Novice: 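There's a structure below that I have some questions on.
Here the structure is a predicted model, which means the values were calculated and not measured. All chains are named by letter (A, B, ...) in the order of the sequence lines, taking the proteins before the strands, and each is independently numbered beginning at 1.
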Amino acid sequence: MATGIKVGAELEAPRKAIFRLTWKTLLLAIAALVVLLSVIRVITGANDITSGGTMNAAIGLAVPIAMAGLGGLWAERAGVVNIGLEGMMMLGTWFGAWAGVQFANPWAGVVAGLVGGAVGGLLHALATVTFGVDHIISGVAINILGLGVTQYLSKQIFTGMQGGGETQSPPIPGITKVSLPGIDGPLSSLEKQHIFLLSDLAGILRGLFVDVSLLTIVAILLIPLSFFVLWRTAFGLRLRSCGERPVAAESLGVNVYKYKYIAVVVSGAMAGLGGAFLSIVASGIYREGQTAGRGFIGLAAMIFGNWRPGGLAAGAALFGYTDALQLRGGGLSVHALLLVVVVLLVAVTVWQATRARVRPAAIAGVMAALVLVYYLVTDTIPQEFTQFTPHLVTLLVLSLAAQRLRMPAADGVIYRKGQTG
Amino acid sequence: GGGSNDAKTGASEGAAKGGGGAKVGLAYDIGGRGDQSFNDAAARGLDKAKSELKVEGKELEASPGETDAQKEERLRLLAQGGYNPIIGIGFAYSAPMTKVAKEFPNVKFAIVDDAGAQAPNISNLTFAEHEGSFLVGAAAALKSKKNSVGFVGGVKVPLIAKFEAGFLAGAKHVKKDIKTSVQYLTNPPDMTGFNDPAKGQVAAKGMIDGGADVVYHAAGGSGGGVFKAAKEGNAMAIGVDSDQALTADAAVKDVIITSMVKRVDVAVFDFLKSFTDNTVQAGEKVYDLKAGGVDYSTTGGKVDEIKAQLDELKQKIISGEIKVSAKTGA
Amino acid sequence: MSARLRSLLLTLAAPVLAVVFAAIITSIVLSVSGHGPIETLSLMVDYGFQPRTISLTINSATTYFFAALAVAVAFRMNLFNIGVDGQYRLAAMLAAAVGGAVALPGPLHVLLIVVVAMLVGAAWAAIAGILKATRGVSEVISTIMLNFIATGIVAYLLNTDRLAVQVAGSNNIGTKHIPESGHMPGLSLIPGSGTQQVFGFVIIAILAGIAFQVLLNRTRFGFDLRATGQSESAAIASGVNVKRMVVISMVISGAVAGLVGMPQLLGASYSYGLDFPTGLGFTGIAIALLGRNHPVGIAIGALLFGFLDNSSNILQINEIPNEIVVIMQGVIVLSVVVAYELVRRYKLVAEQRRVSRELSAGGTGGPAPEGAAA
Amino acid sequence: MAVELDGITKRFPGVVANRDIHLHVRRGSVHAICGENGAGKSTLMKILYGMQRPDEGTIAVNGTKVSFGSPSDAIAVGIGMVHQHFMLADNLTVLENVVLGSEPRKGLSIDFAGARRKIKEISDAYGLGVDPDALIEDLGVGDRQRVEILKVLYRGARIIILDEPTAVLVPQEVDELFDNLRGLVREGLTVIFISHKLDEVLSVADEITVIRRGTTVQAGIDSKTVNARQLAELMVGSELPSPETRESTVTDQQALAVRDLTVRSSDGRPVVDNVSFTIHKGEVLGIAGVEGNGQAELVEAIMGMRPSTGTIALAGTDVTSLDTRRRREAGIGYVPEDRHRHGLLLEAPLWENRILGHQTRRPNSKGPWIDRAGARRDTERIVREYDVRTPGIDVAADALSGGNQQKLIVGREMSGEPVVLIASHPTRGVDVGAQAAIWDHLRAARAQGLAVLLISADLDELIGMSDTLKVILRGRLVADVDPATVTPESLGSAMTGAGEGA
Ligand SMILES: Nc1ncnc2c1ncn2[C@@H]1O[C@H](COP(=O)(O)OP(=O)(O)OP(=O)(O)O)[C@@H](O)[C@H]1O
Ligand SMILES: Nc1ncnc2c1ncn2[C@@H]1O[C@H](COP(=O)(O)OP(=O)(O)OP(=O)(O)O)[C@@H](O)[C@H]1O
Ligand SMILES: [Mg+2]
Ligand SMILES: [Mg+2]
């Protein structure tokens, strides 16, 4: 029951229309997006939308979300819905900070964050796999527990520490940041000239290769690594088969419980790593409430990404990007983004119209017109609204694309050994 | 637990007499002691009173999402438990305190940051955050080489808007054409903006990338991120509430040119002192520049060269020559 | 009927076992931090059974009850409304603004506020329902996003330039105070609770619980809703328009969510300000699950959570870490569902065993295959 | 001996699935196991395959005693099993499904190229013709069955268990399968084959073991020494029922008229293509076709569960624009193909299941209210009249056996005097006794003027029950056949298109 109802899914399951992202389409889409952003930047003069600072901030904001999403991916590919990511992430922030401080070494914190999250995952696995509890219920409970346990531990442990308190840790030693040598200067001067496309590329490159934390690199590498493990190795195939058709896996001698356990524990570890990133790299300190719903957003990014690593990375990047824009001076940049929305909606309109789908085309067209009018009559967007830009964008993109998503067939289905018919 | 038995007895009025040995009840807002910010400042006041005035203290804190009834019950439990005086930290105690103070007319209450709770036994300890912010705004403008300063607010609530208003006014006062940018991290009731240094850093970095070289924050725990951004962006930062050049992480202390100190500790201590002296006065006591309730700090010597100008402004505010509005856009 | 009785006892055994288990875990946590578990628990119980505290607990529970009920309506048809939080905040804020702006005779004024709240909650939830029905967007994600969006909208409107007024002398802002005619009088239910009255809204909560039960179990609509929850495919084949049901049940869920803020608004604060309680939607999820989406279970769960919440103060006064309350809540939710699951399995096996025993006792013995006689 | 099972006993809660079973299988032979539904065949095979542990008894493979903890142990000694239901993950490729659990490796990664090569080799050697990179969900049932066999062969199994492999195949495909089996046996492999289709058993098996009610009735019968009748009697202890309808009851009143019905898949392909037919009162119209040729979509379109174009008239009234509920109210009864997915609320009691699909009608409801008393009373009636074996109407549908669940559904759909009954595989997976009972009920209702649209994979049932018989192929009605004269073989060839234009 955890998967919830899938409206009409069984009758309308689009077979051929399933969205499979290939490298080629991905690169093409990215290129098109960069050009589009560049055009919009030149038109609106909102230079921050492709600046190196924005890109760098976007990555920093995207990493914890991507890690939570990766956590979701591991669990759900093995058929366990993990809505407890937020709680596991909290454990990651706390344990990451604690060990980082305790051993005066951020990498000890990273390991502890992984372990802390993994313990949360283990609990989730115990409840869902061994006891067959509804996955969502267990996840909700773990979110409560994550909060309670970290609050309790802070009071017990951080209170006595220099610079720590009931709700925060002492400062955590940082992790080295690295840059590709010799590119910062030239790229940033190129960026400052605001040349069409060139400056945008310079900004993007600078964001990607200057001042990047080592843990960011590790985290980003985990995405292709997860892809490799899940899609290219025997282990991954078995794990995924547990999420698609566990009885089939069982009938071939795959120990379904084992793989589910491993998957959910890894899932917790990933979320924990996201938490550790947040406390160690992004903040340098543990603060109660620091996760601020990022676990849920990670889950959204994963669904947005069609239960695939590349997709979830795109989802997390989109989220990080829009969040970075709004935090970096909000109104103007987000206002410029409206034009991007207009262009995309017009594209949808045209695309639907060529396929003779009148209603969707009309809806998209009207929406495009409305957004355009709003763009033209305003100069900026109130700060209260810019803050939900990432959420609104996610919602809009999902309502355009949700029907093309495909979750693992046995996701959320409680599996018991020997059910085979 | 003696507490529960006392609580059961109902309207025991506790030690209503002033003097040493008073049992002080302190009800914090969410976060409590150790938040390195607002609540902690109050805690410092209590600690000082403990050692200098020989009072005892009992500290309780609010939990997220609770109702007024629970705050009320917290105050009531303290009153029933014989605690007197009782101090509520934060405007959220306004309505609860009004109610409970009526039930316990012999107990003295004080509330920080609120003048709405009115009763013969309530003292309202409020601060002119805008006045202090005006001074650091001026300092920011004077120190800025790029003629551009920024303000990062944690959560967009009226209290923080006072900081923003004063800061902008101060900056504009010394440099009419100065460029200012303002960013809040979250909107109420999402209070994570006070606890999210990652966001604080992004916001501050955005301002610095946009040309600002002095950034002031009123973002509680997110301020740590603001300092980091300033450090990495070779910019300057201004702390808030306490003298953050003393309290912040050693790695970023040197970017903090000054802090807008809000002396909640002083207010709490003063109140306790007046209690032990039996001179408690009900009603609002505004801790403004004049009263030394807000000020700018000089630790680190980074504002020494403009200290004269700042002190002149300070005098003008105290004398009423400059009126600082608590509202933005004024 | 002894089988019935046994089944009932089994059903009750689950939560009892779970609470005992949670108590054990909490005891361990307490002992580790150097506090006596027995003393702590008896302290909580002592405090919890004082008349004032009972009133407080009932009041918290009333609010939680609506939140959980809102979640449960959707959950009964396998829809997961994580958006109760955003729905009730938006609803309470707008209802408070309307309530503060008009003057109407007593009951009408209250009615207007309640209706506005329900409509707003329903409308906000309907967005998720419609997106799911027409665009296939998972309601889990859309309601999470809508919570954030609701926060932004509330923040925008709760501004002195728009719907809010500054509370005199305070740093709080809120909607205009609702005049007396729009208040819901409290009840002096618990003798000895002094000024602490019970929200008048508790009556509405009880009525809502009954309505929930009648709607789900006695009406065609409820049958369709439950059928969809149990098997969407079977419901479709039986003629249920699932898309419509998705929208309708989200609307109902949202309307109930609109009520979440009402006890507080109409019974205590009379205005929606910055200090209006938050996060109730998430607590509601846990309580709905704890109460197995059944009004009686939810009521018990709500009272338990209310009790635990309120004991936070007394623990602090006695220098016991109040965070154990949250840990307890998490452990209880988890262990209750594990216990339910174990009992459910046991009952299923027992029922199958009983069916086959009664059938073989029924004398279809001999080599003839089942049904051959027909 | 390849396999020796002795004294196997397996108990489930409330059921003894196997009781002291003995089974001896010679190496290099085809050994069939027969028994009615629920006799315990699958359970026995799962024990041999390590998926279930026996409570008592011993297993020996090639003369050595073994004890299996999981299927991997059985696979390791060369046993492979094709299950009664497909064990394939739809969203994985053929290759992934085949190698799962015994993946060839190259470094850290799966050796995809090697696996592809090996699959091709096996596929070519046995003429299976499967594409390793196809997604399972794009395959038809026949292909899926071949993938299942490939999975077994890929693991190098020497003892192959086939649990009712023919249930979803048309006769031609069955023949192909049998050819393959004979090929395997010639190479020295041992095949254990389960079926209750006795003609198949007789044609392919060397030896036959019959089990009934969980225990061996007769072991190792030489297939040349028995005939179908004798086997059937061993299986059920009585004569086989036959689905023949007696005299025609067809009238000239139209009950259901379907015109130009087209259903498109989401990519625009027609899966039901311009189908028209009429069923009269008292007529049974049978539709024959290999699974996946649009039958399911046709039924769902008539039920209004799936968008379609064309018109549908019920007893002269146009119902095209009505939704499923209105169509049901107008008098369409529906026995769905998959009773668990479309027919029942498994966790709900029987009396609530009585309401399902008839929510808006008496005796189940009055206005917007559910009439519990009425529904309960009527459930009692159905249980009585349709001989549903249950201790009461408050037990969950889950607790009933498949046959009894099906009888409840048939009883329910016959209530409320339907004009048309759409019966999709009404006796699938139901034992002979219940099958006979269901046929009797259909015949009786037909005599009362009920029109029936019958879809079935059981050709005997189709031929025996139908007054009119049409063949569906790739979504089109391609042939009319006369049920009085057609044989299962010729019908089978029409279904595969071999006899197109007949
Ligand atoms: N996992 C299980 N738990 C409980 N009962 C089971 C289980 N598996 C099988 N049974 C019961 O054991 C009995 C034998 O079932 P089995 O599947 O072996 O029959 P079968 O001969 O294969 O029947 P069919 O022809 O329908 O496939 C049935 O009553 C069945 O319901
Ligand atoms: N996989 C399973 N897990 C648990 N119980 C099962 C399972 N399969 C069947 N049963 C139970 O076993 C009993 C018999 O079911 P089954 O449908 O296999 O009977 P059957 O003897 O084949 O009857 P029929 O011939 O009417 O289909 C039922 O009580 C059913 O609930
Ligand atoms: Mg069966
Ligand atoms: Mg079987």
Novice: Going by residue number, which parts of residues 147-156 of chain A are within reach of chain C, meaning a heavy-atom gap below 4.5 Å?
Specialist: A:Leu147, A:Gly148, A:Val149, A:Gln151, A:Tyr152, A:Lys155, A:Gln156
Novice: Would a 4.5 Å heavy-atom cut-off, applied to side chains only, mark C:Val154 and A:Glu384 as touching?
Specialist: no
Novice: Side chain, backbone, both or neither: which part of C:Ile149 has a non-hydrogen atom closer than 4.5 Å to chain A?
Specialist: both
Novice: Answer yes or no: are there more than 12 heavy-atom neighbours, outside A:Arg359 itself, under 6.0 Å from its atom CZ?
Specialist: no
Novice: Is it the case that over 12 heavy atoms from other parts of the model lie below 6.0 angstrom from the OH atom of A:Tyr257?
Specialist: yes
Novice: Can you sort out the partners of C:Arg89 under salt bridge (charged side-chain N to carboxylate O under 4.0 Å, His left out), two or more places apart, ordered by chain and number?
Specialist: C:Asp85
Novice: Within a strict 4.5 Å, meaning less than it, do heavy atoms of the C:Ile82 and A:Ile83 side chains meet?
Specialist: yes
Novice: Identify the two heavy atoms, one from C:Met145 and one from A:Leu395, that lie closest to each other, and give their separation to 0.1 Å.
Specialist: CB-CD1, 4.2 Å
Novice: Rounded to the nearest 0.5 Å, how far apart are CZ of A:Phe385 and CD1 of C:Ile153?
Specialist: 6.0 Å
Novice: With a 4.5 angstrom heavy-atom cut-off, which part of A:Leu126 approaches chain C: side chain, backbone, both or neither?
Specialist: neither
Novice: Side chains of C:Ser142 and A:Leu398, heavy atoms from C-beta outward: is any pair under 4.5 Å?
Specialist: no
Novice: Taking all heavy atoms of C:Leu334 and all of A:Ala141, pick out the closest pair and write down the distance.
Specialist: CD1-CB, 3.7 Å
Novice: Quick check on C:Val140 against chain A: is it the side chain, the backbone, both or neither that has a heavy atom closer than 4.5 Å?
Specialist: side chain
Novice: Counting only heavy atoms closer than 4.5 Å, note whether C:Phe148 contacts chain A via side chain, backbone, both or neither.
Specialist: both
Novice: When rounded to the nearest 0.5 angstrom, what is the spacing between CD in A:Gln387 and OH in C:Tyr156?
Specialist: 14.5 Å
Novice: Measure C:Val29 against the heavy atoms of chain A and call it side chain, backbone, both or neither at under 4.5 Å.
Specialist: both
Novice: For A:Ile303, is it the side chain, the backbone, both, or neither that has a heavy atom closer than 4.5 Å to a heavy atom of chain C?
Specialist: side chain
Novice: Tell me, for C:Leu290 versus chain A, whether the close heavy atoms (under 4.5 Å) come from the side chain, the backbone, both or neither.
Specialist: neither
Novice: Do other residues, nucleotides or ligands put more than 12 heavy atoms under 6.0 Å from the OH atom of C:Tyr346?
Specialist: no
Novice: Pick one of side chain, backbone, both or neither for C:Arg345, based on which atoms fall under 4.5 Å of a heavy atom in chain A.
Specialist: side chain
Novice: A:Ser399 versus chain C, heavy atoms under 4.5 Å apart: side chain, backbone, both or neither?
Specialist: both
Novice: Using heavy-atom distances under 4.5 Å, tell me whether C:Thr283 contacts chain A through its side chain, its backbone, both, or neither.
Specialist: neither
Novice: Are C:Leu289 and A:Val140 side-chain neighbours, meaning at least one heavy-atom pair lies under 4.5 Å?
Specialist: yes
Novice: Taking side chain as everything from C-beta outward and backbone as N, CA, C, O, which of these in C:Asn322 sits under 4.5 Å from a heavy atom of chain A? Side chain, backbone, both or neither.
Specialist: both
Novice: Could you tell me the separation between the CZ atom of A:Phe131 and the OG atom of C:Ser335, rounded to the nearest 0.5 Å?
Specialist: 10.5 Å
Novice: Quick one: CZ on C:Arg292 to CD1 on A:Ile137, what's the gap to the nearest 0.5 Å?
Specialist: 8.5 Å
Novice: Kindly give the heavy-atom pair with the smallest separation between C:Ile141 and A:Ala300, and that separation in Å.
Specialist: CD1-CA, 3.5 Å
